[in-house]
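Each chain gets a letter, A, B and so on, in the order the sequences are listed, and its residues count up from 1.
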Number of protein chains: 2
Amino acid sequence: MQPAPAISRDAPPEAPSDAPSARQQAVLDAVLALMVEGGDPFTMDAVARRASCSKESLYKWFGDRDGLLTATVRWQASRVHAAREAVDVLDAATLRETLQDFAASWLAVVTSPTSVALNRIAIGHAGSGKSNLGGIVLANGRFAIGARVKPVLEAGRAAGLLAFDDPETAFRTFFGLVGRDIQIRLLLGDAIPLDAGAIRRDAARAVAQFLALYGQPA
Amino acid sequence: MQPAPAISRDAPPEAPSDAPSARQQAVLDAVLALMVEGGDPFTMDAVARRASCSKESLYKWFGDRDGLLTATVRWQASRVHAAREAVDVLDAATLRETLQDFAASWLAVVTSPTSVALNRIAIGHAGSGKSNLGGIVLANGRFAIGARVKPVLEAGRAAGLLAFDDPETAFRTFFGLVGRDIQIRLLLGDAIPLDAGAIRRDAARAVAQFLALYGQPA
DNA sequence: GCAGTACCGTACGGTACGGTACGCCTCCGT
DNA sequence: ACGGAGGCGTACCGTACCGTACGGTACTGC
């Protein structure tokens, strides 16, 4: 394993280049649909057929296969990013609720077939160097949610509701309590039944555990 | 995504068939070395060249490419499985130490280049059905460690040191506290510096947090 | 010595896939 | 009306790789 490039932390990359046109967005949606359906080795022919466009157009628009994959990852990321809500943590109930929202939405994303398929592709690519999809996925997934949660944690600390030294460390604990073994099991093909109710309960449990570890006794 | 097959829980598969001969073990070690070096798309030619054997022998011994991968996963698993130590949790210090050992060895395994490479291959395969490497990896990784830790947790509960309802749930929390975001970041190509000292500290922190959540006040 | 076996090295067939070229259609501006 | 641009469908090329076949070699039992 060659020394992997470090991932740009803290900074969600947010649309570094031109946004795709409507037609190209349709193509990218077709790519995502193909990925989710799985099974296929994800050939350019399949994309062209599915999107009803010619391969030549694919290569004109996205350069090559990696460009198409990169554009797809960015496209999916642009849709997942919710609006960055204002951080106004005043009391314990608001803090808990905010963290539960983050936990639940993160679980929903991570367990979605789209995320699983995309992460699988990115992980497969991470093995053989060239064009780090993995970096993009990390920046828009793990690090993006970290960048959004940490201000909340710091606001909670400022309000005397939480106690921790390093926001990063606190967030990583939060991340572990929320995700546990879910993502690796899904990536490896295990079928975990997880409906909206289970996600809500999991989020509540994770936040309760996190507050038990980092909460300040009023 | 087709309905993924459920993974056989609780039961570590432990050497379902004949053990490979010495020569075959050498081949499997060559496979692991190739995987760790990465970069290559992992061709059968490369394996034959690296192992100084003919492709014909590869096919005679392992059937096909998937058979070779499966044998490699099993081979690695057979080396990782430490002897199942006896469960004798009597006091809080022993419990803490035992859990820290599990956490540290798990972190060491998960962060090893071999594990990363193997998980990448298995995850890539999990996408396209056929021959679930993912199931084998899960059975020998996540579920094997779970099967080994849960008796410890139950012994701790029997000794009045821990309080929980479901051992599985408690273990999953433990798993999350130990692993956090490490595995997904490594799989996606992020370089996390993690030497033996950091692993020891991480293990101690995770166990301290776990005991804070599930420990009984003496 | 000699058949038999196991295996290495290599060459080969078949196929799948990335990437390119070309014909034709549709739409748009003038 | 008409020329051009953009784009779809398809045919095509080169290459990589899985799986097999074949020649050559070392070793074993008789």
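The 12-atom threshold is not exceeded at CZ of B:Arg200, counting heavy atoms of other residues, nucleotides or ligands nearer than 6.0 Å. The local environment of CG in A:Asp166 is crowded, with over 12 non-hydrogen atoms from other residues, nucleotides or ligands closer than 6.0 Å.
For the side-chain hydrogen bond (donor to acceptor under 3.5 Å, both in side chains) test, no residue two or more places apart in sequence or in another chain qualifies with B:Thr70. Residues forming a side-chain hydrogen bond (donor to acceptor under 3.5 Å, both in side chains) with A:Asp66 (at least two apart in sequence, or on another chain): A:His125, A:Ser131. Remark: B:Ser57 engages B:Ser54 in a side-chain hydrogen bond (donor to acceptor under 3.5 Å, both in side chains) (not counting sequence neighbours). Scanning for side-chain hydrogen bond (donor to acceptor under 3.5 Å, both in side chains) contacts around B:Thr114 gives an empty result, with sequence neighbours left out.
Computed from C1' positions of five pairs at each end, the angle between the two local axes of the helix from C:dG1-D:dC30 to C:dT30-D:dA1 equals 0°, rounded to 10 degrees.
The pair A:Arg142-B:Asp190 does not count as a salt bridge, with every side-chain nitrogen at least 4.0 angstrom from each carboxylate oxygen.
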Point to revise | Under 4.0 Å protein heavy-atom contact, by nucleotide of nucleotides 8-19 of chain D - B base, S sugar-phosphate only | key: BB-------SBB
Practice item. Kindly determine whether B:Leu69 and B:Phe42 satisfy side-chain contact (heavy atoms from CB on, under 4.5 Å), including the steps that lead there. Key: CA-CA 10 Å; B:Leu69 291 176; B:Phe42 192 72; 3.3 Å; yes
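Put simply, NZ on A:Lys60 is 19 Å from C1' on C:dG18, counting in whole angstrom units.
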